[in-house]
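Every chain is numbered from 1 and lettered A, B, ... according to where its sequence line falls, protein lines coming before strand lines.
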Amino acid sequence: MSPPLLDVEEEEGQSNVTLLASSASMESTCQNSSALMERNYMGLSDCSSVDSSTLSTASEDNNSSLNLKATELRLGLPGSRSPERDSELCLRSSEKLDEKSLFPLHPSKDNNYSSVQKTVVSGNKRGFSDAMDGFSEGNFLANSEVNAMLSPRPSPNLGVKPGTVKDNPGTSAKMKEVVPQNEVQERPCAANENSPSHIAMNNNSSAPATKAQVVGWPPIRSFRKNTLATTSKNNDEVDRKAGAGALFVKVSMDGAPYLRKVDLRTYSAYQELSSALEKMFSCFTIGQYGSHGAPGREMLSESKLKDLLHGSEYVLTYEDKDGDWMLVGDVPWEMFTDTCKRLRIMKSSDAIGLAPRAVEKCRNRN
Amino acid sequence: MDPNPKRRMDSPDLSESNRFSPFPDEVLERVLSLVKSHKDRSSVSLVCKDWYNAERWSRTHVFIGNCYSVSPEIVARRFPKIRGVTLKGKPRFSDFNLVPPNWGADIHSWLVVFASAYPFLEELRLKRMTVTDESLEFLVTSFPNFKALSLLSCDGFSTDGLAAIATHCKNLTELDIQENGMDDSGGGWLSCFPENFTSLEVLNFASLNSDVSFDAFERLVSRCKSLRILKVNKNITLEQLQRVLVRAPQLTEFGTGSFHQELMPRQYTELESAFSNCKNLHILSGLWEATGLYLPVLYPACDSLIFLNLSYATLLSGELATLLSHCPKLRRLWVLDTVEDKGLEAVGSSCPLLEELRVFPMDPFDQDILRGVTESGFVAVSYGCRRLRYVLYFCRQMTNAAVATIVQNCPGFTHFRLCIMNPGRPDYLTNEPMDEAFGAVVKTCTKLQRLAVSGLLTDLAFEYIGNYAKNLEALSVAFAGSSDWGMQCVLRGCPKLRKLEIRDCPFGNAALLSGLEKYESMRSLWMSACNVTMNGCRLLARQMPRLNVEVMKDGESDDSQADKVYVYRSVAGPRRDAPPFVLTL
């Protein structure tokens, strides 16, 4: 089943994809796609973290399936961008048309695709169309980091990739530079409805390719940049990682900007998993409802959380090895742990089609 | 004590100065030894020659804000009894890679002079200096009584240097290594502390990446009973943390390691109990990758928390809200913008005593404005935390009205650092420049000492600053201003200005030269990517011989453009160790 498009934005929260990728991967990415690999574009960031975290290793099947999916003109997977956004983007930046021509809407050029997809990936995590512009090298670097991570993207999204590509040549030299910088130029973001008189934007429209990189901006010290990049990078790892006795899968929750990981082997039944997830996401959920100040552990009381989680606002689903989204609990536990690639706590309203489920009104903690 | 109290008095006024000095020198020196602040000491030294002498003989700690403003020989000549030195080197923008490597600020020449002048040197605190392993080794052999080393934002050394410190400094009380550009070749340095070594009081290795030997570390903590500040790196797990914490319940400042290991319930309880045994914990940091799951173990310790540094914890708003509800006495809080505006609302409602707030961006290079905090979070904090005086706020959008409200709620700001991350961004609601925002800041916050501006700004903002910011000492400007007039307003207007750093602004030679009379009363001026030319700099250098006017040239640029200009007063003359890309005019 394909989860609906609309919660894309919520899912993506993964600021994971960040900034500093190793220079090694950066180089390889550079080589792969000179003109195309520039930035990650938010435009494509609809790919929620769920998506972008999908690929651990570039497997053949993944590639082909991705390409197919990428060619779909509708959004099949969570985090895909809705068509409206694309048109917004188109309108917003007419000068970007030439860039768009670099990204054909058909998958004929697989190379381009994969590179584009690669570049897209990290951008996707953000989920903002206007993010298209002004992609920092940081994103680029993150991109290269997630080289192997290809996400299916509907082709229209790929078309939306303004300016970034252009900057590539200019920026690749700087990639190696310590700091990934913001592109001052871009930003015909939605956010920036303002100023065409905007200093940065003026330059942008003329010759983005020659735009200078902004070194040292925003003013963040290297240690912090590197540390947060590593944090994001760790979160970027495969969503299912089996190690010695441990089996980590990623769990995302609609509306939560960040993912968590759970080790499925520490649980022996659905009930335990469910309780743990409730605890893990309780703060977020409760934060959402604006409740705070509850003393100590009461926040984590199972019954209250169950109210929220089972109380039909959310359902727990997982993606199996075939790529299908299933309701958790249908198969025996052992089979579940064998086939579960990642988990997602999604809103009941979006779970239509997974299983018939009564959608009750969400009850408050009181 | 000054062995020859009158030796400077070789003038015939000897008896006169005696008459005006009611105290014997011994008394004067004893009294002055109680004056600790270096600014006060500078003032004392200016009163008269007697006091100058008494002060110089009684000074034990010297603070040098710009290592090139004075030479080590001059320092040694003036202050014979120094036990502790604080030195700052590179311009602040070097933290953001605006200064090429090998620029200078090498500690070694200082250590050589100190080795003969201050063999009993105990403390060395360095910020933005280049320190090599050889220098560290030289330090341990030259100063047998060495006790405290603090390196912040330095570069050039590795863990080998730390190993030398650990091995040889028998009386070490402090080893504070923060955010340096260093080579981390392993955690073996920590195992170099001898088994009979017990004097450590401060240990901070939070920014080192390699594993230390946990056994050695645990033993070290056990035997150093005076340990009061401990900050571990992220490789220390929660389980290990518990074992360390039970051995050091006396800690006042603690930086945890990674905060997201899976714990069994028993371990969880033990960790919680370890925290509850720390009755003196006032400052908490670390908390890498903390999630709501384990934060509750901190609750028992939260009651006495004054400073909570969550700037490496990707917390969500609800998680922060819950945590803060346990920290009523909080005065300083650093967070990541993952907490979003909702989290900041919780700050406003839970922390009425808050004086300092820093909000760092999780994704500084991400232009997506849906992430992070906005003006409403800041406003919410200002309503709840009226005592706010220090703020560092990274956001992507701001309005003039919001800032006006904020400073109206909190007029006591002494440090206002607002970074709207997209350069040159106007008020996103009205599309106007952010001039009025900073105008409100300087008009309302009369005690303002430090200001960092951002967003779209015209010269008007700088007019406001020049006219109103009478206590301003440090100003940081980027991507702002319309013409020379802006910078001229600041240079003519802010009487207490000491540090001015400017990047990517349209200020040129006229602006640079308008500060001729000002620069000698300032520590330094930095201008990069502005419109200043070499000729302008040469003119400045010619007019003001006691300033060092240095230009850093980028390889490719035009010969007439002065890409990076660094101007500072100095009694040591031009640098003798300048690399080829630094031209002193």
What distance separates B/Asn209 CG from A/Thr227 OG1, expressed to the nearest 0.5 Å? 7.0 Å

Output for pair (A/Leu228 CG, B/Phe360 CZ), nearest 0.5 Å, gives 10.0 Å

Heavy-atom check, side chain of B/Cys419 versus side chain of A/Pro219, under 4.5 Å: yes

Cut-off 4.5 Å, heavy atoms of chain A, and the answer for B/Phe394 is side chain

Gap between atom CG of B/Leu316 and atom CE of A/Met253 - 0.5 Å precision: 10.0 Å

In Å and rounded to the nearest 0.5 Å, what is the CG to CH2 distance from B/Asn97 to A/Trp217? 14.5 Å

For a 4.5 angstrom cut-off between non-hydrogen side-chain atoms, does A/Val214 reach B/Arg503? yes

Under the side chain to side chain donor-acceptor pair (under 3.5 Å) rule, collect the residues that match up with B/Ser311, sequence neighbours excluded. A/Arg224, B/Asn309

Nearest atoms (heavy-atom pairs only) where B/Phe96 meets A/Arg221: CE2-N, 4.0 Å

Separation between OG of B/Ser207 and CG of A/Asn226, rounded to the nearest 0.5 Å: 11.0 Å

What residues, two or more places apart in sequence or in another chain, satisfy side chain to side chain contact (heavy atoms under 4.5 Å, CB included) together with B/Cys395? B/Val373, B/Tyr393, B/Met398, B/Leu418, B/Ile420

